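Below: one structure, written as structure tokens.
What's counted below: heavy atoms across the whole structure, side chains too, no hydrogens, waters or symmetry copies. Here the structure is a predicted model, which is why all the values come from computation and not from measurement.
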Amino acid sequence: MSVETNIAIQHEDFDVGIEVDALSGTGVAGAVATFVGFVRGGADDVLAMTLEHYPGMTERTLRDIVGLAQARWFLLGVRVIHRVGRLLPGERIVFVGVAGRHRGEAFAACQFIMDYLKTQAPFWKKEETANGARWVDARDSDEAALKQWQT
Amino acid sequence: MSVETNIAIQHEDFDVGIEVDALSGTGVAGAVATFVGFVRGGADDVLAMTLEHYPGMTERTLRDIVGLAQARWFLLGVRVIHRVGRLLPGERIVFVGVAGRHRGEAFAACQFIMDYLKTQAPFWKKEETANGARWVDARDSDEAALKQWQT
Amino acid sequence: MSITILYFAGLREALGVERELVDMPSGVNDVASLRSWLLARGAAWQPLSAPRIRAAVNQSLASDASVVADGDEVAFFPPVTGG
Amino acid sequence: MSITILYFAGLREALGVERELVDMPSGVNDVASLRSWLLARGAAWQPLSAPRIRAAVNQSLASDASVVADGDEVAFFPPVTGG
């Protein structure tokens, strides 16, 4: 399974079931860990969110991140999908799925990829609210999450 | 979302996409972390696997485990499905999905529930091979994984 | 004093018993004494003596000192291997 | 020596520029000197001076000391917020 072909930046939605099936498709995997990120609805006053990215650098950064994960754990498959464009509350934004022999490496690599993606991959979120639009600020907790992998 | 009703022991397969949709259905979740365990195929000589459980105690144990996770993290939804009976290589065995506001709590609780399930919930696996059947041995690494939550 | 005893997985197969309803003699009042009493039935019950065999009383994990009382459901089984 | 400069997200909006092809004067040869040269254009370019603004050269994250050479693609942008 080539990692390079399993990174996608797209406006279209994705199907989590199909992605997990593809990751486990070789039949060798004992474990698939996934993460799905959503546009939070409910309490927030966000009406919509627009995701901008840096074409070219985004794909390159995600490939590098997946490569780092593969160097660190023995993985059987990795899939990263990140949506761009305008999304509504409750919509899926990002999917990271990792297939491994056992759950430890699948969980760790999935979390590692998300922590790096959050802090390194060139995406930017702009929220539309009833009071106008605003760019989302980076969270210190994301930098802290990254540091745990660098000690 | 009642946690109690979201634990299922069943022979039937499950649909990961539907489960993730249900977990994010309230629209408040920003993050869903999932784990899917499979009957490993390929290199192993396993022809099939039969999962036995202790009806009653299994459900009770899983409810207790989910309760421990909820006491530890603020979670928006938890779903646990464990299949029993005879399964073939490549088939899904277990699903754990956790919805949270952010990814940290979703990842942690999902891994916590899996580590406890592996070591506490009364399920037993018997493998059929070309040379006969054998009960799967417990793995020391599963006990080690559990200990990380108990320090 | 009658209790239900359940056996699971490899232990169930080794003993050839899945479930039994037994009358416990006086003096048998915890998991350790119940196990000793069952082992005294004879060599066929030796699989129950393995240290790795776990016990549950009324569907909660139990230790040797856990009390067993009339009407209880006791289970013996090998380490779990689900997930 | 000509390079392409890209601006993203809030910085792009603040500057009102998405992409430009510029001829760099001699002496401008790294990210720091490129930034200074752009800031010298006037007050409208102040958003580029914020310490939080990151730079990339040829689609790799860069530091102030990163070399900028003919034909390079340089990008400036705020901290990323994807995922």
Side-chain angles (χ1 to χ4, degrees), chain A residues 13-44 46 49 76 88-108 110-115 117-118 139 141-142 144-145 148, chain B residues 13-44 46 49 76 88-108 110-115 117-118 139 141-142 144-145 148:
Chain A
D13 195 9
F14 48 83
D15 183 308
V16 175
I18 289 175
E19 298 304 333
V20 172
D21 281 351
L23 282 165
S24 67
T26 59
V28 193
V32 171
T34 79
F35 178 82
V36 185
F38 297 84
V39 181
R40 249 188 308 281
D44 297 352
V46 176
M49 184 171 270
L76 299 169
L88 300 176
E91 281 201 82
R92 283 173 278 270
I93 301 173
V94 60
F95 174 87
V96 173
V98 176
R101 286 172 304 182
H102 299 291
R103 74 186 183 288
E105 51 216 10
F107 269 124
C110 187
Q111 196 158 4
F112 175 97
I113 292 169
M114 273 306 302
D115 288 345
L117 183 156
K118 276 269 181 187
R139 294 167 65 216
S141 60
D142 288 330
Q148 75 176 303
Chain B
D13 195 8
F14 49 84
D15 182 308
V16 175
I18 289 174
E19 298 303 332
V20 171
D21 281 350
L23 282 165
S24 67
T26 59
V28 192
V32 171
T34 79
F35 178 82
V36 185
F38 297 84
V39 181
R40 249 187 308 280
D44 297 353
V46 175
M49 184 171 272
L76 298 170
L88 300 177
E91 282 202 80
R92 283 173 279 272
I93 301 174
V94 61
F95 174 87
V96 173
V98 176
R101 287 172 303 182
H102 298 292
R103 73 187 185 288
E105 51 216 9
F107 269 124
C110 187
Q111 196 157 5
F112 175 98
I113 291 169
M114 273 306 302
D115 287 345
L117 183 157
K118 276 270 181 186
R139 294 167 65 215
S141 60
D142 287 331
Q148 75 175 303

Is the shortest distance from a Lys or Arg side-chain nitrogen in A:Asp15 or A:Arg92 to a carboxylate oxygen in the other one below 4.0 Å?
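So A:Asp15 does not pair with A:Arg92 through a salt bridge.
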Among the options [options], pick out the one with the most heavy-atom pairs lying under 4.5 Å from chain B.
{"options": "A:Thr34, A:Ile18, A:Val20", "value": "A:Thr34"}
{"options": "A:Val36, A:Val98, A:Ile93", "value": "A:Val36"}
{"options": "A:Gly17, A:Gly30, A:Ser141", "value": "A:Gly30"}
{"options": "A:Glu19, A:His102, A:Met114, A:Arg139", "value": "A:His102"}

Contacting region of B:Ala145 [heavy-atom separation from chain A under 4.5 Å]:
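It is the side chain, since no backbone atom gets that close.
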To the nearest 0.5 Å, what is the distance between CZ (A:Phe95) and CG (A:Asp13)?
12.0 Å
Going from CZ on A:Phe107 to CG on B:Asp115, what distance comes out if it is rounded to the nearest 0.5 angstrom?
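The distance works out to 7.5 Å.
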Tell me, for A:Ala33 versus chain B, whether the close heavy atoms (under 4.5 Å) come from the side chain, the backbone, both or neither.
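The answer is both parts of A:Ala33.
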Of all the heavy-atom pairs spanning A:Ser24 and A:Val32, show the shortest one and how long it is.
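Closest approach of A:Ser24 to A:Val32: CB-CG2, 4.3 Å.
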I'd like to know which of B:Gly37, B:Ala31, B:Pro89 tops the heavy-atom pair count under 4.5 Å against chain A.
B:Ala31
Among the listed options B:Val94, B:Val39, B:Asp142, the residue most often paired with chain A at heavy-atom distances under 4.5 Å:
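Most heavy-atom pairs under 4.5 Å with chain A: B:Asp142.
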Does A:Arg40 use its side chain to pair, donor to acceptor, with the backbone of B:Arg101 at less than 3.5 Å?
yes
